Amino acid sequence: MQSPLSAGACPGLPSHPPPAACAPPPSPPSTACRAPEATSRPLPFSRDILARLDKNGPRYTSYPTADRYHDGFGQAQYTQALKRRAQDAAATGPRPLSLYVHIPFCESLCYYCACNKVITRHKERAARYLDALEREMALHARLIGHVEPVSQLHFGGGTPTFLSDAELDRLMAALRSHFRLLPDAEVSIEVDPRTATAQRLAHLARLGFNRLSLGVQDFDPAVQRAVHRVQSYDSVRDLVASARAAGFASVNMDLIYGLPLQTLASFARTLEQVCGLRPDRIALYGYAHLPQRFKPQRRILPAELPDGETRVGLLGLAIGRFLDAGYDYIGMDHFALHDDTLAQARRAGRLHRNFQGYSTQPDCDLIALGVSAIGRVGATYSQNAKGLDDYYAHIESGRFAVERGLELDADDLLRRDVIMAIMCQGGLDFRAVEQAHGIAFEQYFATELQGLRDLAAMDLVHLVPGGLRVTDMGWYFVRAVAMVFDRHLRERSTQAQYSRIV
């Protein structure tokens, strides 16, 4: 995963905390799925509001966003950030880490994809990549030590299941030798149903993976052929059953609306099938057609894409079905069963957000391993070389592969806190912000408060003395609320490169 755009083309896995001990799949309640309908359900917001906010914007898995990173931040700056972390750990004790491992290889090309990937059927290419990952781990361990506790580990791609069982064994052994994976760590992996079997899932469970995400996108055969990703409903159904039997604590499914040849009737059938499988979480992304940036998308015929009216209908249909089926809307395209810990955290105001999406765990330093991977250490963000040859050149020469990044200044840190509070807690306490950052909120954010008044007029936020609250309708447009505080976005008009906010 970890496409800086997160434009729906490469859906990622939220951190996936477990709901409860895994049991056989429950029988769906009577409301889990109704017969497919060819008409969309009423949207939880007006079409007038949608038209006024029909624009592109960041997904804020970080602030500032990845398009603000620059090549003035590189090896030296990243090394310093790691040394500062090590010094802090020596003084106050180790703090939990997150790890992200990017596996770029895919056996076939999905036309909608915006991820950093390498299309190949040559399995032997994985050996050199694993060598490089192990060297990269060693570089980190030399600076921060071999006992750093890891509370979250995520494998993204590409296709992590491109690796064989033996290669996955090797990779997990290397990770455990360089880091200390906590017993209750969230260990997640993105799975392509076309490259996974019941035996593969059982092996992943034995390795310690306890949550997985299945890339479904759409079950309709015509849509699958149009995006070059053909997989049967039966195969996904069997994998979900196998995941439950293997003891996975949580199963997520990724869907995309706005794909070529999608209709209300066809997508209703997909939604019925997904609801019937009862995944713990669902990620519903809007397809962002950016063929000028992502060459694979040039194989998608624009004439086959749903028009604006149909696209809105697809969204309304999905929202209605998921809510009727017992899922809570978490925000930013994500749904979770009402008793899932992510839904519980949403209701309790305890959501957090990181590069993989919403999480119940507080954000922490993220060590990113592999080509193009994005990490965070202290008040810095960093991204590895995007090309495989460049990545190898750095690592095999004994250097970190960081080629760009950003060191956050005081204003960035302030705005990051504000934006994450809006994205995760759905509101702001001005006084708390003032105390944390030593500012007078209404003076510092005078321009932003005017923008909030415009959103308040649309009933997206409620401004109250000393704070603001995102309304139920505003939660569907929470990106628009956060964008008000994005100084970089205001100073540079680059919204076109992001996905639509709804």
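Note that the numbering runs from 1 along the sequence shown for the chain. Owing to the predicted nature of the structure, the values given are computational and were not obtained by experimental measurement. Values below: all heavy atoms of this structure, side chains included; hydrogens, waters and symmetry mates excluded.
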More than 12 non-hydrogen atoms from neighbouring residues, nucleotides or ligands closer than 6.0 Å to [atom1] on [X], yes or no?
X: E304; atom1: CD; result: yes
X: D472; atom1: CG; result: no
X: R453; atom1: CZ; result: yes
X: E309; atom1: CD; result: no

Next on the checklist: Could you walk me through whether L99 and L366 satisfy the side-chain contact (heavy atoms from CB on, under 4.5 Å) test, starting with their C-alpha distance in whole Å, then the side-chain angles of each, then the deciding distance to 0.1 Å, before giving a yes or no?
Outcome noted: CA-CA 6 Å; L99 293 179; L366 168 67; 5.5 Å; no
Taking [X] first and then [Y], would you say they form a salt bridge - that is, a charged N and a carboxylate O separated by under 4.0 Å?
X: R415; Y: D411; value: yes
X: R52; Y: D454; value: no
X: R487; Y: D412; value: yes
X: D429; Y: R431; value: no
X: D328; Y: R347; value: yes
X: R490; Y: E448; value: yes
X: R321; Y: D324; value: no

Checklist entry - Centroid-to-centroid, F485 to F445, below 6.0 Å? => result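 Under 6.0 Å, so yes.
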Checklist entry - Below 4.5 Å, heavy atoms only, C-beta onward: do L406 and H70 meet side chain to side chain? => result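 They are in side-chain contact.
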Side chains of [X] and [Y] only: does a donor on one sit below 3.5 Å from an acceptor on the other?
X: S359; Y: Q152; value: yes
X: D417; Y: Y63; value: no
X: E190; Y: H154; value: yes

Checklist entry - Is the W475 ring parallel, tilted or perpendicular to the Y358 ring (thresholds 30°, 60°)? => result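 W475 and Y358: parallel rings.
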Shortest non-hydrogen contact from [X] toward [Y]:
X: N384; Y: G370; result: ND2-O, 2.8 Å
X: P306; Y: G258; result: CD-O, 3.4 Å
X: I422; Y: V470; result: CG2-CG2, 4.2 Å

Checklist entry - Would F155 and Y100 satisfy ring pair (Phe, Tyr, Trp, His ring centres under 6.0 Å), going step by step from the backbone distance to the final call? => result CA-CA 6 Å; F155 280 25; Y100 174 77; 8.7 Å; no
Next on the checklist: Would R281 pass as a cation-pi partner of Y327, given that its NZ or CZ must be under 6.0 Å from the six-membered ring centre and within 45 degrees of the axis?
Outcome noted: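 That pair does not qualify as a cation-pi contact.
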Checklist entry - Quick one: does NZ or CZ of R376 land under 6.0 Å from the six-membered ring centre of Y381, within 45 degrees of the ring axis? => result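 No - R376 does not lie over the ring of Y381 by the 6.0 Å and 45° rule.
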Next on the checklist: Test side-chain contact (heavy atoms from CB on, under 4.5 Å) on F322 and L271; report intermediate values, then the result.
Outcome noted: CA-CA 8 Å; F322 294 149; L271 296 173; 3.5 Å; yes
Next on the checklist: Evaluate S235 against D238 for side chain to side chain donor-acceptor pair (under 3.5 Å), listing each step before the verdict.
Outcome noted: CA-CA 5 Å; S235 66; D238 293 346; over 6 Å; no
